[in-house]
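Each chain gets a letter, A, B and so on, in the order the sequences are listed, and its residues count up from 1. Values reported hereafter were calculated over all heavy atoms of this structure, with side chains retained and with hydrogens, waters and symmetry mates removed.
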2 protein chains.
Amino acid sequence: MSPTIKVLLAEDQSMVREALAALLGLEDDIEVVAQVARGDEVLAAVREHGVDVALLDIEMPGCTGIEAAAQVHGALPAVKLVVLTTFGRPGYLRSAMEAGADAFLVKDAPAAQLAAAVRKVLAGERVIDPTLAAAALAEGANPLTDREREVLRAAADGSTNAELAAALHLSQGTVRNYLSTAIQKLAVRNRAEAVRTAREKGWL
Amino acid sequence: MSPTIKVLLAEDQSMVREALAALLGLEDDIEVVAQVARGDEVLAAVREHGVDVALLDIEMPGCTGIEAAAQVHGALPAVKLVVLTTFGRPGYLRSAMEAGADAFLVKDAPAAQLAAAVRKVLAGERVIDPTLAAAALAEGANPLTDREREVLRAAADGSTNAELAAALHLSQGTVRNYLSTAIQKLAVRNRAEAVRTAREKGWL
DNA sequence: GCTGCCGGATGACAGATGTCATACGGCGAA
DNA sequence: TTCGCCGTATGACATCTGTCATCCGGCAGC
């Protein structure tokens, strides 16, 4: 009856990407018309191929799937967006939704949900794992300020205060202040734990 | 001519696992006869289904794909082992080979290499990315002692010296000594960097 | 039987990190 | 307009971390 659904797949690991394409290729009503390996190639590819639904992994070089989703949503609001991720972090779900995503799937969900989600978003539905949705709501919003987040992100690789200060054009004392407040807000005891929990919650 | 190749797929993320199954299902001479999501279910499944080739992801609950490979290699040496991983860490390659793996593939290699590797290992070949092999050789062996590795692994989540000491039944001073030697061996400047580089090299 | 290395420990010291009080300009909400 | 928060900064202080020298018992290799 209706023409096939044109899907774009954005995922950096070729093997996974092509495997997902094979999976979707088994569906009669779905056609993978484009594949990209970088977040910053998504928008152009969506435009070029007249994509109906974009399937976006979060962790990608160039820019994240969430940023790509925001770009597509801004430029072509009719395109449906499915965000697909390894990590079921509530903060990711929240950001994805704010970026205009229509569905949020974790990669350890059954494969059948992928094609199902594609059809549902095209029908105007939103697809979100209820457990994750609950977790996202229960956890509340990111308590970190922009600067705190930046400093924490920069500190994630084990850089010292002096290096952070140089990299962010701040004084060492200020760096310590930000880390200190971040540590308190996250209710942890040092920067390493702060990085860890912020990551887990998708707040980084 | 020859009967189909019986393959087992071990990978914890359902969506990826089933997608890889779909991919391999497109090949006439390959049949995915078993899928497991945990490392500790591999050996039993290999036995039960008379598997020819086991495809093992490294990061899995239960036990790692490398440990699973060692088990299978010990119990059923005729079974060919393909280790598949997200991270092309030279240390992983080294451990995989020591565990008896016949092939080592990274997930960002083209999908076609998967079926190709399955056929090659069955023909007695070994399949290893030459760049990775070079990196593994260039890097040398893991310089960390068992204890240093344990302490570093335990320190990875940001635990303080006191917690590490308690968890590992050591004195705080000893914990600091191990971390200090690990930091020197890895040529870095603090425990966070040590964790980071040890992870990168697959030495953790 | 030495010589090394590993696991384990102590003490001392320097430098890094975390906390707190305090300050100032800007900006948004009440 | 006043209050509060953010970004930025300083100084002082306590604690944590990293380094080093030194020690012990055990065990492997020469």
Side-chain angles (χ1 to χ4, degrees), chain A residues 91 94-95 98 139-204, chain B residues 91 94-95 98 139-204:
Chain A
R94 181 182 294 265
S95 333
E98 283 167 8
E139 163 181 281
N142 188 337
L144 302 174
T145 68
D146 283 3
R147 276 319 232 174
E148 286 160 1
R149 225 179 319 116
E150 275 180 65
V151 175
L152 204 52
R153 209 182 302 134
D157 64 357
S159 300
T160 144
N161 282 333
E163 292 168 331
L164 294 175
L168 300 168
H169 310 293
L170 293 173
S171 82
Q172 286 199 37
T174 306
V175 167
R176 292 187 357 212
N177 287 150
Y178 285 148
L179 286 174
S180 182
T181 57
I183 287 167
Q184 288 176 290
K185 285 180 178 175
L186 299 174
V188 293
R189 283 193 321 305
N190 56 51
R191 60 182 71 192
E193 283 191 356
V195 168
R196 197 177 138 65
T197 55
R199 273 234 181 86
E200 260 171 27
K201 304 226 179 193
W203 285 345
L204 216 55
Chain B
R94 180 180 295 265
S95 332
E98 283 166 7
E139 162 180 281
N142 187 337
L144 303 174
T145 68
D146 284 2
R147 276 322 233 172
E148 285 160 3
R149 225 178 320 114
E150 275 180 65
V151 175
L152 204 51
R153 210 181 302 133
D157 64 356
S159 299
T160 145
N161 282 333
E163 292 168 331
L164 295 175
L168 300 168
H169 310 294
L170 292 174
S171 83
Q172 286 199 36
T174 305
V175 168
R176 289 194 319 189
N177 287 150
Y178 284 147
L179 287 174
S180 183
T181 58
I183 286 167
Q184 287 177 288
K185 284 179 179 176
L186 298 174
V188 294
R189 286 192 320 304
N190 56 51
R191 60 183 69 193
E193 283 190 357
V195 167
R196 198 177 137 65
T197 55
R199 274 236 181 85
E200 260 170 27
K201 304 227 179 191
W203 285 345
L204 215 56

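For R191(B) and dG18(D), the shortest distance from a side-chain N or O to OP1 or OP2 is below 4.0 Å. Here T145(B) reaches the OP1 or OP2 of dG7(C): one of its side-chain N or O atoms lies under 4.0 Å away. The shortest distance between the side-chain N/O atoms of R147(A) and the OP1/OP2 oxygens of dT8(D) is below 4.0 Å. Between Q172(A) and the phosphate of dA9(D), there is no side-chain N or O to OP1/OP2 separation shorter than 4.0 Å. Note on N161(B): a side-chain N or O is less than 4.0 Å away from OP1 or OP2 of dT17(D). In this structure, T160(A) reaches the dT17(C) phosphate: one of its side-chain N or O atoms is under 4.0 Å from OP1 or OP2. Contact annotation: T174(A) side-chain N/O to dT10(D) OP1/OP2 distance is not under 4.0 Å.
Residue N161(A) holds its CG atom at 4.0 Å from CZ of R191(A), rounded to the nearest 0.5 Å.
Of the listed nucleotides (dT8(D), dG18(D), dT19(C)), dG18(D) has the atom at the smallest distance from the side chain of I183(B). In the set dG18(D), dA9(D), dG8(C), the nucleotide with an atom closest to the side chain of Y178(B) is dG8(C).
In this structure, the CD atom of Q184(B) is 7 Å from the C1' atom of dT19(D), given to the nearest Å. A straight line from CG of L170(A) to C1' of dT10(D) spans 14 Å, rounded to a whole angstrom. Between R176(A) atom CZ and dC13(D) atom P the separation is 14 Å, expressed in whole Å. Distance CD (E150(A)) to P (dG7(D)): 9 Å, rounded to an integer number of Å. Atom CD in E193(B) sits roughly 10 Å away from atom P in dT17(C) (whole-Å rounding). For the pair L168(A) CG and dG7(D) P, the interatomic distance rounds to 13 Å; values are reported in whole Å. Separating the CD atom of E148(B) from the P atom of dG18(D) is a distance of 14 Å, rounded to the nearest angstrom. Counting to the nearest Å, the C1' atom of dG8(C) and the CG atom of L179(B) are 14 Å from each other.
When atom types are taken as modelled, the side chain of E193(B) and the backbone of R189(B) share a donor-acceptor pair closer than 3.5 angstrom.
Between N177(B) and D146(B), the residue whose closest nucleotide on DNA chain C is further toward the 5' end is D146(B). Annotation: of the two residues near DNA chain D, K185(A) and H169(A), the 5′-most nearest-nucleotide partner is K185(A).
Between L179(B) and L164(B), some side-chain heavy-atom pair lies under the 4.5 Å cut-off. Residues R147(A) and T174(A) have side chains not in contact (no heavy-atom distance under 4.5 Å, counting atoms from C-beta outward).
Tested against R149(A) for a side chain to side chain contact (heavy atoms under 4.5 Å, CB included), the candidates D146(A), T145(A), L152(A) yield a single pass: D146(A).
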